[in-house]
Amino acid sequence: MEEQFAVRLEKLKKLQQLGVAPYPYRFEVTRRFAEIIALYREQDAEALKQAAAAVRCAGRILAIRSMGKSVFMHLFDGEEKLQVYVRKDEVSELDFAVNDLLDIGDIIGVQGTIFKTRTGELSVLVKELTFLAKSFHPLPEKWHGLQDKEVRFRQRYLDMIVNPGAMEVFRKRSRLIQAVRRFFHERGYVEVETPMMHPIPGGASARPFVTHHNALDIDLFLRVAPELYLKRLLVGGMEKVFEINRNFRNEGISLMHNPEFTMIEFYELYRDFGDYMELSEQLLLALSAELLPDAILRWQDKEIPLAPPFPRLKYMDAISEKSGLPVEQLWDETALQAHIRGLFPGEPLPPTFGKMLELLFDHYVEKSLVAPTFVTYFPKAISPLSKVSRLDERETERFELYIAGMEIANGFSELNDPLEQRRRFEAQVQDREKGDDEAQRIDNGFLQALEHGMAPAAGEGIGIDRLVMLFTGAASIKDVILFPLLRPRE
RNA sequence: GGCCCCUUAGCUCAAUUGGCAGAGCAAUUGACUCUUAAUCAAUAGGUUGAUGGUUCGAUUCCAUCAGGGGUCACCA
């Protein structure tokens, strides 16, 4: 460890003695490896030899196979690998001396001509070799790659260098977010950024992180959702609006939860939750067209076709069907209590009616929703920002989209009656007093905005990380977040 | 936070019942001008996550701690 560092430092000093700049400023690259492969892969060895196409390219050394006066190396440019071939009689004496001081992990640039080896591998015959950067640490082993999850997360760069799939996941993530943006821009939505630091945390049922602003001497909360700010923009007349940004929730970490995660929230005036279920289907189709060859999600051992329209299943019906309890008993708090006592003997009852329903939903329903399914008409008690259903005043026009047993999206017809909204907030305050510390708080600024009049609107939030999991097959949210939260070392 | 599992060379992994801690890759030295997990010869590399205990003797058994993973809870 210390020893390998020292050896490599010594090599860097020798390079300097040869007059080589240890940290040069730039290198002209004419082609990425992917371009070189695309351009020349199909040509036969003889044609390539005749053409002797000149390229300049650069990458990190992943493997060195030296036969003394003839050296093969594999370079990696973050995307593709390419073999380069250094022959003593093809390069200057200095370049060959430099070549002799290279280690796996170093970064070099080469100028040379394209050819194919005897075994048919596309390669660059090096004419000039430029040292670009030294690596003082050995790379993880080439054959097994880097297995240690902790190192992969803490030193993500190593994961990206030696595990080809890692880089691919984050490229896909980038393409997915780009496709989401395009989808909404094409439909005339305006992208905005609203505060990450909130005086009152709101828009979702979750425990917030607290921080402090010194000059104002006030506590602030990292946002749990942008919802209440985006709806202020609806009041202001922004007809179609979306935001892609981070939310922060001071909660547990699991395969599906990271304390900071990326959400898109979008809103449109004059629409309702039915419109937004359809829009969600269109969005998933658009992402599928962009990222999947055949409109089938492959997640873990499951194959999940994305074929709208997705079934709609009422929240209470879903619990009833799986639990065997008649729907009317689910509305009866006493009956609920009895059922939960039977299900989890000895455990404390959830503090509120809403929490009991959520417990049963999570227990009976959530994991079973593998094929894309809209769960609809959530009870009013757990939906403080949604409009009451036109069909049953105990329910709201709210839906959640489930895929692979994961909640992916949450949308509703937005409650725009300020008097009703105030009553809902007050009910939340009562829940908080009963012991539900994720219950929402009264946001008077938001209520004041509603009092100025907000047109009917639909709104929805989609967890981007979980979408990326679905589209990349990742089992853990940590696999799709570059630097997931871990306990700091030392 | 509860329970279970893991932590051995830079990396991937071994080590019989508690009996001198090993291999492959990487590294070092040497040979080799079409190799590709290059090959061949030699060399070096360790406070077995930390601390304490049991024992003649601990990588192995016990306790505590640290980090990670899994699971349940919390959580949308």
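Per chain, numbering begins at 1; letters A, B, ... match sequence-line order. Below, each value reflects all heavy atoms present in this structure, side chains not excepted, and no hydrogens, waters or symmetry copies.
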Would you call R312(A) and E281(A) a salt bridge, using N to O less than 4.0 angstrom? yes
Closest to the side chain of E150(A), out of G68(B), U28(B), C75(B), is G68(B)
Quantified in whole Å, what is the P atom distance between nucleotide A41(B) and nucleotide A23(B)? 14 Å
For R441(A), check salt bridge (charged side-chain N to carboxylate O under 4.0 Å, His left out) against everything at least two apart and list the hits. none
Within the modelled atom types, does a donor on one side and an acceptor on the other bring the side chain of Q83(A) and the base of U35(B) under 3.5 Å apart? yes
Looking only at heavy atoms, the pair that brings C57(A) and V124(A) closest together is SG-CG2, 4.3 Å
Across all strands shown, which nucleotide pairs with U64(B) by Watson-Crick or G-U wobble geometry, both distances under 3.5 Å? A50(B)
When we call it a touch if two heavy atoms are under 4.0 Å apart, what does L486(A) touch: a base, just sugar-phosphate, or nothing? sugar-phosphate
Contact nearer the 5' end of RNA chain B, comparing S66(A) with S70(A): S70(A)
Applying a 3.5 Å limit to both distances, which nucleotide forms a Watson-Crick or G-U wobble pair with U17(B)? none
On a whole-Å scale, what distance lies between the C1' atoms belonging to A27(B) and C74(B)? 48 Å
Under a 4.0 Å N-O cut-off, is there an ion pair linking E79(A) with R32(A)? yes
Please determine if a side-chain N or O atom of R65(A) lies less than 4.0 Å away from the OP1 or OP2 oxygen of A37(B). no
Using Watson-Crick or G-U wobble geometry with both distances below 3.5 Å, tell me the partner of G24(B), or none. C11(B)
Distance in angstrom units between L360(A) CG and C75(B) P, rounded: 14 Å
In Watson-Crick or G-U wobble terms, with both distances under 3.5 Å, the base opposite G1(B) is C72(B)
Which of these nucleotides, U33(B), G69(B), C34(B), is closest to any side-chain atom of F153(A)? G69(B)
Measuring only the C1' atom in each nucleotide, how far is U55(B) from U17(B)? A whole number of Å is fine. 15 Å
I need the CE-P distance between M256(A) and G70(B), as an integer number of Å. 12 Å
Mind checking the P distance from A9(B) to G46(B)? Whole angstroms is fine. 11 Å
Could you run down the sub-3.5 Å N/O contacts of the protein with nucleotides 12-14 of chain B?
residue: U12(B); atom: OP1; partner: Q147(A); partner atom: N; Å: 3.2
residue: U12(B); atom: OP1; partner: D148(A); partner atom: N; Å: 3.0

Just name whichever nucleotide pairs with A44(B), Watson-Crick or G-U, keeping both distances under 3.5 Å, else none. none
With sugar-phosphate meaning primed atoms plus P, OP1 and OP2, does E366(A) contact a base, only sugar-phosphate, or nothing at under 4.0 Å between heavy atoms? nothing
Using a heavy-atom cut-off of 4.0 Å across all strands, would you classify E90(A) as base, sugar-phosphate, or nothing? nothing
Distance, P atom - from C61(B) to A15(B), rounded to whole angstrom: 13 Å
Looking at the side chain of H257(A), which of C75(B), A27(B), G70(B) is the nearest nucleotide? C75(B)
Heavy atoms from C-beta onward define the side chain here; which of C75(B), A26(B), C34(B) lies closest to that of F115(A)? C34(B)
Rounded off to whole Å, could you give me the CG-to-C1' distance for the N258(A) and C74(B) pair? 16 Å
Would you mind classifying the nucleic acid contact of R398(A) as base, sugar-phosphate or nothing, using non-hydrogen atoms under 4.0 angstrom? base
Suppose you measure atom C1' in C13(B) against the same atom in U28(B); what distance do you get, rounded to whole Å? 23 Å
Separation between OH (Y364(A)) and CG (L359(A)), nearest 0.5 Å, reads 9.0 Å
Consider the side chain of R487(A), meaning its heavy atoms from C-beta on, and name the nucleotide among U33(B), C75(B), A66(B) that approaches it most closely. A66(B)
Hey, which of these two, T117(A) or R207(A), hits RNA chain B nearer its 5' end, going by closest nucleotide? T117(A)
Hey, is the main chain of G461(A) close enough, under 3.5 Å, to the side chain of N410(A) for a donor-acceptor pair? no
Output the rounded distance in Å from CE (M67(A)) to P (G30(B)). 17 Å
Without decimals, in angstroms, what is the distance between K355(A) NZ and A73(B) P? 13 Å
Remember a base hit wins even if backbone is also touched, and classify A206(A) as base, sugar-phosphate or nothing at under 4.0 Å, heavy atoms. sugar-phosphate
So, E90(A) and K127(A), do they make that salt bridge, N to O below 4.0 Å? yes
Please report, rounded to the nearest Å, how far the P atom of A37(B) is from the CD1 atom of I104(A). 14 Å
Tell me, please, whether F115(A) has K49(A) positioned over its six-membered ring: NZ or CZ under 6.0 Å from the ring centre and within 45 degrees of its axis? no
K142(A) has its side chain closest, among G69(B), C74(B), A26(B), to A26(B)
Measuring only the P atom in each nucleotide, how far is C25(B) from A66(B)? A whole number of Å is fine. 39 Å
If I take atom CD in residue Q4(A) and atom P in nucleotide G10(B), what distance separates them, rounded to the nearest angstrom? 8 Å
With a 4.0 Å limit, can you tell me whether K11(A) has a side-chain N or O closer than that to the phosphate oxygens OP1/OP2 of U28(B)? yes
As a test of understanding, state which of V91(A), I108(A), V126(A), V86(A) forms a side chain to side chain contact (heavy atoms under 4.5 Å, CB included) with N99(A). V86(A)
Just how far, in rounded Å, is P of G67(B) from CG of L485(A)? 12 Å
For atom C1', what is the distance between U59(B) and U8(B), given to the nearest Å? 7 Å
Reference residue R156(A); test side chain to side chain contact (heavy atoms under 4.5 Å, CB included); the match among V151(A), I481(A), I161(A), L482(A): L482(A)
